[in-house]
Amino acid sequence: MLPLGTAVAVAVRNLGRVFSHQGALFVATQSVTSNQYNCDSKKMSSSTKVTREWHPPAADGAHTAPLMLYNSFVDEKVPFVPAAGSNSRQISWYACGPTVYDVAHMGHARNYLSFDIVRRVLEDYFGYNCLMVMNVTDVDDKIILRARRNYLLAQYKGSGKTADEVKAYAVKAIQDAIAKQHSKVAELHEQVSKAEAELQAMGDDKKQSFAQRKVNELEAAVKGEALKCKQAEEALADLEAFQLTGAPDQTDSLLALGGDYVSEALDRELGAAVTDPAVFRAHAAKYEREFLEDMDALGCRRPDVLTRVSEYMTEIIGYVQRILDNGMAYASNGSVYFDTQSFRVCGHTYGKLNPWAVGSAALAAEGESNFETSEKRSPQDFALWKTAKPGEPAWDSPWGMGRPGWHIECSAMASSIIGSRLDIHSGGEDLRFPHHDNELAQAEAYYHTDGCKQWVNYFLHCGHLHIEGLKMSKSLKNFVTIREALQTFNARQLRLMFVLQPWNKTMMYGEQSRAEMKAREAQLKNFFQNVEAAVRGLEINATEQRWHADEFELNNRILSTQTAVDQALRDNINTPAAMDAIADLIKAVNKYLEKKDAGAARPMLLRKAAAYVTRILSVFGIVDGPSDRTGFTEASTSAAANDEMGPRCLDVFAAFRDEIRAMAKSKTDHKDVAAACDRLRDQTLKDLGVQLEGTNGTVRWRLADLAAKPSDTTSRYLDALAAFRGEVCAMAVAAAEPREVLAACDRLRDQTLVELGVRLEDRPEGKAVWKLDDPAAMREEIAARAAVAASAARKKLEGAVDRKAKELEKLEGLAAMPSVQEALADKYSQFDSSNGEPTHDKEGKLLEGKAKDKARKDFEKAIKVREPLSKKLAEDPEALDKMRAEVEELRRQLEKLSA
């Protein structure tokens, strides 16, 4: 081999390589030309073969685990392989969007926020390029009904009906609704009994599993309909109890109680007369806009393509026509129905996602296979196109005026954008059947001549969101709107709540989760603040960077966390497990910092840990990631982070307060406090490039470099620092008590700096640490601490009042007692004038012997009972009056504190 360190001019003429795996030798031979090259004092020839050596890392046969996704087609986790091939990073995703007939609630958030997290992981962690398509259903039975009913209810309100007329109409409407619900519940109970009987008769385990799921879903439907019945009965009771007084606003109050039932009754009577298309479009447009605003507020990424039903009518009609042409649909009286029997005959499977639900009208209640008509060939058939009815919007078609069925809309729009094969289709669990099963059937029928047997490769369904044991739903009226939830939680806390739950499992929602989410958010925030505080001001080139055991241990923890997170995300995007691993890393970093003296931590290692946590949180959307912004990001960073002078100013601020606080605690002479103020002005601030001018009463600051312009944030810091120094100077001149100085330091920490977005944490060693934080969050924390302190003070005061009042009551009771002689007068007639002891019994006989001893005991007992009062009065004759005043004062303080 050639000696190292020798300069060689090499021209490569030919290169031969020998590759081998499993760690075998890799050989490359090169012909080189050497100029005056000495080797063992001998000249090389003009053409010399040089062998270069490299050993490939040994492969142990292991490979990266595949990404597993829970696929509703088989209800288990399966490897994810893009339709374009296992090496492709291009995937397509169609998401069932909202039917925009009412406000979005947290049940919707369960779907869209959960799948936003899944999408972010696929895009930002696994690196897939996802074409995301989402529909907006703006033509649908629910929209038509709600728009029409709202319109009719508004007209009814303005019709001049009296409160008596409105109450009578509302009572009748609710009574009709209750009767209808009782009938539904009874019918469902019959279907549950029938399904249970079918379950008992089955011997095959798989069939039993399907039958059990059918029973479970029917029982859930019973609970839902029973809740609606209960709500109607409660509304009726409230309405019947409503007292009519003739007040002008009582009509509105009555409709607030029974408006939903009134609008339903009005629709049955007058719905066919509503023919203005603007009524329906305006209704859908309003709630579409609100839905998108809610998604933005939750931090959900917008889809790449948004498809509205009203804008794809041509494609939908063409889709229906092709299914007809392929022999899997039939027209009847202006409507077109999907032919499920013909679909099966053509070699397709109907009900792939929810086979146990096929044929159950109750489980198809949200779809279109349950409407009563004699036109369908089979009860399982469903409408692709509905003939026009009075009071509904309609479009022209080969079959006459009408509108699309619900299911055909998604199949047609998804196919128009993505085509005959979708990688992913997502939606809520309740859409499995009939909606998604019917979508699949329609698409396979449309692409039948292309040989399509599987339109979607992976169907993802998020779990329900439950509240009080039932699915959150508008129809059940047990929902919390997204906007209401954002009054209780901030968007980050809501996202944390969803990240900490498996996306495909049932999730419980409740405001009781707020404390937990706030704690998890605080853990993350404190972690970043602690790292920032630890590395602040550390000069890499001026401090030791050699790793010791603690650094190796922390680095191993980072590596193990990265492995654990990767394994969790490959396992059906298990975000709860990933967050557990992140939490363990945060604990390890905090433990590392606790071991280290100030300035001893390794900043690059800490930043490595913080950067990884940030990356994963950005993948989940908990913090903004690169994909959430466009263009350069310098302008989006905060002024405090960008401004070099801001952190230096806060360092000075915290150090000056530490010094003043320490002086107050040690009761340092006021002259020394004044000297500290002078040092701040004459040395520390000058070194910072800041000059203070004017008297203590009107001190102003300016930068020594007149051309420099501080940021608004730094200016506010300097304003506060100058004001605090002025306050301390004034207290030094006035020889203020140390407690007053300490109170000023506390006000600075809990009020002034909080408003500046600075959290100041006092440490036991006397050096405070500053961190940037959200003022609103800090104010909330301070208010919470104040509330706890006030509660403790109130309990303490209540205890003091109780003790003092009982003591006073006891003493007043003693004061109200008769004298000792009066108390013993029923036993004794005469008493010694010198000591008060009894001398004669009741009959006047002189007491002697045992009788005298007994009398003495009676006397001493009576004296002992009165002793607490006598002692008090001996110490202070006005003790009782003072105690009464003290109890009254304590009660006033308690009343004031409670108020």
Side-chain angles (χ1 to χ4, degrees), residues 69-75 91-101 104-119 122 130-138 140-142 217 220 288 291 294-295 298 300-301 303-309 351-355 357 363-368 382 405-415 417-418 422-443 454-466 471-475 482 498 501-507 572-573:
L69 290 179
Y70 189 90
N71 194 345
S72 297
F73 280 117
V74 291
D75 282 319
I91 60 174
S92 58
W93 185 334
Y94 181 80
C96 265
T99 299
V100 284
Y101 75 98
H105 57 67
M106 288 304 296
H108 297 115
R110 174 55 170 158
N111 180 3
Y112 301 109
L113 184 48
S114 294
F115 283 127
D116 179 72
I117 294 165
V118 172
R119 174 190 178 186
L122 291 176
C130 176
L131 174 63
M132 171 64 77
V133 182
M134 185 181 78
N135 76 295
V136 170
T137 298
D138 60 349
D140 176 77
D141 289 340
K142 291 180 179 179
E217 292 190 18
E288 177 189 324
F291 170 80
D294 289 344
M295 294 301 103
L298 292 174
C300 293
R301 285 181 181 166
D304 302 308
V305 185
L306 189 73
T307 60
R308 292 190 188 96
V309 173
K352 291 181 175 181
L353 295 169
N354 217 351
L363 297 183
E366 290 291 317
E368 299 180 28
F382 53 91
W406 176 27
H407 317 298
I408 195 66
E409 301 168 347
C410 286
S411 298
M413 292 189 295
S415 295
I417 300 297
I418 299 174
L422 281 62
D423 284 295
I424 296 173
H425 193 322
S426 65
E429 177 67 23
D430 53 342
L431 296 182
R432 268 188 186 235
F433 183 84
H435 184 53
H436 287 159
D437 268 324
N438 288 354
E439 272 191 63
L440 292 171
Q442 292 164 162
Q454 182 166 292
W455 182 52
V456 175
N457 284 344
Y458 298 87
F459 234 120
L460 311 185
H461 289 101
C462 66
H464 288 310
L465 187 75
H466 278 202
K471 179 188 78 170
M472 186 179 289
S473 166
K474 284 196 188 86
S475 62
I482 291 173
F498 282 70
Q501 298 282 341
W503 62 266
N504 60 318
K505 303 292 184 183
T506 296
M507 173 181 170
N572 194 37
I573 308 184

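- Atom CG of residue Leu122 and atom CD1 of residue Ile573 lie 4.5 Å apart, to the nearest 0.5 angstrom.
- Contacts of Asn71 classified as side chain to side chain contact (heavy atoms under 4.5 Å, CB included), with partners at least two apart in sequence or in another chain: Phe73, Val74, Val78, Tyr458, Phe459.
- Listed by chain and residue number, nothing satisfies the ring-ring contact (aromatic ring centres under 6.0 Å, His included) test with Tyr70 (two or more places apart in sequence, or in another chain).
- Among residues two or more places apart in sequence or in another chain, the side-chain hydrogen bond (donor to acceptor under 3.5 Å, both in side chains) test is passed with Gln442 by Ser411.
- Between Gly428 and His436, the shortest heavy-atom distance links the atoms O-CE1, 4.5 Å.
- Taking 4.5 Å as the limit, every side-chain heavy atom of Asn504 sits out of range of all side-chain heavy atoms of Leu460.
- Heavy-atom minimum distance, Asn111 versus Cys96: ND2-O, 4.0 Å.
- Using a 4.5 Å cut-off on side-chain heavy atoms (C-beta onward), Pro355 and Phe433 make no contact.
- Contacts of Asp437 classified as salt bridge (Lys or Arg N to Asp or Glu O under 4.0 Å), with partners at least two apart in sequence or in another chain: none.
- Partners of Ala109 by side chain to side chain contact (heavy atoms under 4.5 Å, CB included), not counting sequence neighbours, listed by chain and number: Met106, Leu298, Ile482, Phe498.
- At least one donor-acceptor pair closer than 3.5 Å links the side chain of Asp423 to the backbone N or O of Ser92.
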Would Ile418 and Tyr94 satisfy side chain to side chain contact (heavy atoms under 4.5 Å, CB included), going step by step from the backbone distance to the final call? CA-CA 8 Å; Ile418 299 174; Tyr94 181 80; 4.2 Å; yes

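- Glu439 CD to Ile408 CD1: the interatomic distance, rounded to the nearest 0.5 Å, is 9.5 Å.
- Between the NE2 atom in His407 and the CG atom in Asn438 there is a gap of 4.0 Å [rounded to 0.5 Å].
- Shown here are the side chain to side chain contact (heavy atoms under 4.5 Å, CB included) partners of Glu429, two or more places apart in sequence or in another chain: Arg432, His461, His464.
- Taking CG from Asp294 and SG from Cys300, the interatomic distance works out to 10.0 Å, rounded to the nearest 0.5 Å.
- Atom CG of Leu431 is separated from atom OG of Ser72 by 11.0 Å, given to the nearest 0.5 angstrom.
- With sequence neighbours excluded, the residues forming a side-chain hydrogen bond (donor to acceptor under 3.5 Å, both in side chains) with Asp116 are Arg120, Arg495, listed by chain and number.
- Among all heavy-atom pairs drawn from Cys462 and Phe115, the shortest one is N-CZ, 3.5 Å.
- Judged by distance alone, the side chain of Asn135 and the main-chain N or O of Gly97 form a donor-acceptor pair under 3.5 Å.
- Listed by chain and residue number, Arg119 satisfy the salt bridge (Lys or Arg N to Asp or Glu O under 4.0 Å) test with Asp304 (two or more places apart in sequence, or in another chain).
- Here the shortest heavy-atom pairing between Phe291 and Ala104 reads CD1-CB, 4.1 Å.
- A donor-acceptor pair is defined here as one N or O able to donate and one able to accept, closer than 3.5 Å; such a pair exists between the side chain of His108 and the backbone of His105.
- The minimum heavy-atom distance between Lys352 and Gln454, with the atom names listed, is NZ-CA, 4.3 Å.
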Any chance you could lay out the side chain to side chain contact (heavy atoms under 4.5 Å, CB included) test for Val136 and Leu306, step after step, and finish with the verdict? CA-CA 7 Å; Val136 170; Leu306 189 73; 3.6 Å; yes

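- Using a 3.5 Å distance cut-off with no hydrogens or angles, the side chains of Trp406 and Thr137 do not pair a donor with an acceptor.
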Any chance you could lay out the side chain to side chain contact (heavy atoms under 4.5 Å, CB included) test for Leu440 and Val456, step after step, and finish with the verdict? CA-CA 8 Å; Leu440 292 171; Val456 175; 3.8 Å; yes

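- When all heavy atoms of Pro98 and Tyr112 are compared, the closest pair comes out as N-OH, 3.0 Å.
- Atom-to-atom distance recorded for Gln501:CD and Ser114:OG is 9.0 Å, nearest 0.5 angstrom.
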